[in-house]
Amino acid sequence: MAQTDEQLAEEYFKSGDCEKAVSYYQKIFKKSFDKRALNNYTSCLIKTKDWEEADKFFKRQVKSDGANATWYFLNWGLMEEAKGQENEANKKFGEAIGAVGPRTDMYRDLAEDFRRTQKTTWAQRAFQRAREVSKNENLYRLEMASVYRELNEPENMLTELLSYGIMFRNAEIVQSMLQDFLKEEKEQALLEKVLYDKIQKSPNEAFYTELLVWHQVQRKDFYKAFLQERALDKRYKYNGTRVYDLGNLALQNKDYENAATIFEYLVKEYPKGQLYPFARRMAIASREEQVKSTFPVNRAEVQKLIGEYQKLLTELGTNERTLEAMRNMAILHAFYLDEKTKAVEILARAIEVGKSEKEFVDKCKLDLGDIYLLQGEPWEATLVYSQVEKSQKDDKLGYEAKLRNAKLHYYKGDFELSKEVLDILKRATTREIANDANELSLLIMDNTGLDSNETAMQAYASTELLLFQNKTLEALDSLNTLYARYKDHSLADEILWLSAKTYMKLDSNQQAVERLKVIVEKFHYDILGDDALFTLARLHQEKLNDKEEAMRLYQQVLEKYPGSIYVAESRKRFRLLRGDTIN
């Protein structure tokens, strides 16, 4: 079949036969201009080092095809660079920009070609020339930001991005590019400094403050974000709505102290506002999470929280707005004060008040099931769990009920039934529940069937039930006995890991360290190896104040487990301990 000159040129070029390709490219340029063909032709001239032919060609084409002189000068410059004639190459690149003239859209194409050939400085000059020709300093802001990123000029990059944001009020694009560009900590610190300077100079320009809030939220620095949101709230009369959203973000990210501070600001600032009852409850809930995540849990603080909830109920009444407060009170009574009867009474009252709220009622039933399990009444527990399964069949709450039933089977030693349920959950639910189901399913699969009566696994499951029931000291005695008896069993590292976590909750950190060390030394190759090593390092850093040992252990995480989920955090903590500047 007959082939065109273009097809033959492309075919020979792809096969690396530049001598044949060149002749066809020459035919093409006698007929018309083809930018792709010109790029390939230049590559062939450089490969064959036919400099004399190249000079003749470019001189001829610039003279005969002035409309496309820009592209000839660009490729001529690439050829001069290949010859080692740097000054000549730069001269041609300058002529390429000069040949564009008033066509501002063409400067973008030229700049992209400069970037494609790693001539980023020339790309910047092309964009700058476009601004001069058009007398428009705002032209190509985003493109210039990308160019300055490649040139490693973060200040200029930020200037371009922020100017674009102010001009077009498009925070989403600016945020997206900042996420892509600001990888280094020093660049992030520079952004913060630049934004603070902008806010000082233009206090009435909300864009800079909103961008700073976004940046601080990305860094999970919720207190700094709160200070900025508070200023915006007062200046623009947002009535606390944005501050409330920030408080919820802090709570979701487990920054309980700052979440409480944010909600308490709303309670004080807007005592008659629509958000008041919600902010009041969330302030207590944040303090509650803070108390529950501090070990050992302080009973006096728990009683204080219950008192706060009671004040809330007295002030706002028992109604739809205070249902969650009642539920939280019941959980505190049951799990932290061992007042299970009181908890059941509160939940019964909450269910009656919120009977029209199906999801809330089912949440309360799950809580009731947990309390029945605390009381050693598994049949009552599975009854209410199953009710929620049926009521919320295809929803997250139904899957949660199914998971609790699976755990109940596990506690009772019915591993086969538990695993059947867990294997269903692994395929048919949210990621969080699927992960929990997968973890427990693997534990059962790895540690059953090794001996006929599954004695070790049954004892381990019973111990987990003791922990669920807050019988912590009894559970620790059981774990110590289990390890002495089954130190060569596949469960040995799991027993040590559970012991270490339990001692940490009691703030008995030396005992935790001893268990973790055994995992690191004897079971480092197993699935809990990196968990144990990272936790050991964190204990030395946060509880034992042994900086040198913590650094040594973080270094081991980086070296022994390069694929671990703890690598990024270990590197950050190591650098912090070493004294590096981390903003």
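In this text, all values refer to a predicted model and were calculated from it rather than measured experimentally.
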Chemist: Does either side chain, that of Asn470 or that of Tyr336, offer a donor lying less than 3.5 Å from an acceptor on the other one?
Modeler: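 The criterion, which ignores hydrogens and geometry beyond distance, is not satisfied for Tyr336 and Asn470.
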
Chemist: Scan residues 198-222 for pairs that pass ring pair (Phe, Tyr, Trp, His ring centres under 6.0 Å), counting only residues two or more places apart or in two chains.
Modeler: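 Non-adjacent pairs meeting ring pair (Phe, Tyr, Trp, His ring centres under 6.0 Å): zero.
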
Chemist: Regarding Arg404 and Asp370, does a basic nitrogen lie under 4.0 Å from an acidic carboxylate oxygen?
Modeler: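 So Arg404 pairs with Asp370 through a salt bridge.
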
Chemist: Quick one: side chains of residues 120-127, donor-acceptor pairs under 3.5 Å with protein atoms, not counting sequence neighbours, listed by atom name and distance.
Modeler:
| residue | atom | partner | partner atom | Å |
| --- | --- | --- | --- | --- |
| Thr120 | OG1 | Glu150 | OE1 | 3.3 |
| Trp122 | NE1 | Asn90 | OD1 | 3.4 |
| Gln124 | NE2 | Tyr148 | OH | 3.2 |

Chemist: Just grab all the ring pair (Phe, Tyr, Trp, His ring centres under 6.0 Å) pairs involving residues 268-292, residues at least two apart or on different chains.
Modeler: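 Not a single pair qualifies under ring pair (Phe, Tyr, Trp, His ring centres under 6.0 Å).
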
Chemist: Once side chain to side chain contact (heavy atoms under 4.5 Å, CB included) is applied, do any residues pair with Ser391, and if so which ones, sequence neighbours excluded?
Modeler: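 For Ser391 the side chain to side chain contact (heavy atoms under 4.5 Å, CB included) partners, ignoring immediate neighbours, are Lys358, Asp362.
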
Chemist: Does Leu151 have more than 12 heavy atoms from other residues, nucleotides or ligands lying within 6.0 Å of its CG?
Modeler: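 Counting other residues, nucleotides and ligands, CG of Leu151 exceeds 12 neighbours.
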
Chemist: Restricting to side chain to side chain contact (heavy atoms under 4.5 Å, CB included), what partner residues turn up for Ala225, sequence neighbours left out?
Modeler: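 Checked Ala225 against side chain to side chain contact (heavy atoms under 4.5 Å, CB included); matches are Val213, Gln216, Val217, Leu246.
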
Chemist: Is Glu569 salt-bridged to Arg573, cutoff N-O under 4.0 Å?
Modeler: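 So Glu569 pairs with Arg573 through a salt bridge.
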
Chemist: Under 4.0 Å between a side-chain nitrogen and a carboxylate oxygen: does that hold for Arg116 and Glu112?
Modeler: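 So Arg116 does not pair with Glu112 through a salt bridge.
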
Chemist: Quick one about Asp507 and Asn509 (side-chain donor to acceptor, distance below 3.5 Å, no hydrogens or angles considered), yes or no?
Modeler: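 Yes.
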
Chemist: Sequence neighbours excluded, which residues qualify as salt bridge (charged side-chain N to carboxylate O under 4.0 Å, His left out) partners of Arg108?
Modeler: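 For Arg108, the residues satisfying salt bridge (charged side-chain N to carboxylate O under 4.0 Å, His left out) (neighbours in sequence not counted) are Glu143.
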
Chemist: With the threshold set at 4.0 Å, does a side-chain nitrogen-carboxylate oxygen contact exist between Arg230 and Glu269?
Modeler: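 Looking at Arg230 and Glu269, the cut-off is not met.
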
Chemist: Among residues at least two apart in sequence or on other chains, which ones pass salt bridge (charged side-chain N to carboxylate O under 4.0 Å, His left out) with Asp338?
Modeler: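 Asp338: salt bridge (charged side-chain N to carboxylate O under 4.0 Å, His left out) contacts with Lys340.
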
Chemist: Does anything in residues 295-305 form a side chain to side chain donor-acceptor pair (under 3.5 Å)? List the pairs, not counting sequence neighbours.
Modeler: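 Those involving residues 295-305 do not exist here.
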
Chemist: Do Phe534 and Tyr561 have ring centroids that are under 6.0 Å from one another?
Modeler: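 Centroid separation for Tyr561 and Phe534: 6.0 Å or greater.
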
Chemist: Restricting to side chain to side chain contact (heavy atoms under 4.5 Å, CB included), what partner residues turn up for Val513, sequence neighbours left out?
Modeler: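 Here the qualifying residues are Gln510, Lys517, Leu536, Leu539, His540, Leu544.
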
Chemist: Tell me, please, which residues at least two apart from Lys193 pass salt bridge (charged side-chain N to carboxylate O under 4.0 Å, His left out).
Modeler: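 So Lys193 forms a salt bridge (charged side-chain N to carboxylate O under 4.0 Å, His left out) with Asp197.
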
Chemist: Going by distance alone, is a donor N or O of one side chain under 3.5 Å from an acceptor N or O of the other, for Gln290 and Arg287?
Modeler: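 Yes.
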
Chemist: Considering residues at least two apart in sequence or located in another chain, which fulfil the side chain to side chain contact (heavy atoms under 4.5 Å, CB included) criterion with Gln511?
Modeler: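 Result, side chain to side chain contact (heavy atoms under 4.5 Å, CB included) vs Gln511: Tyr503, Ser508, Arg515.
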
Chemist: Under the salt bridge (charged side-chain N to carboxylate O under 4.0 Å, His left out) rule, collect the residues that match up with Asp221, sequence neighbours excluded.
Modeler: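 If we apply the salt bridge (charged side-chain N to carboxylate O under 4.0 Å, His left out) test to Asp221, skipping adjacent residues, the hits are Lys224.
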
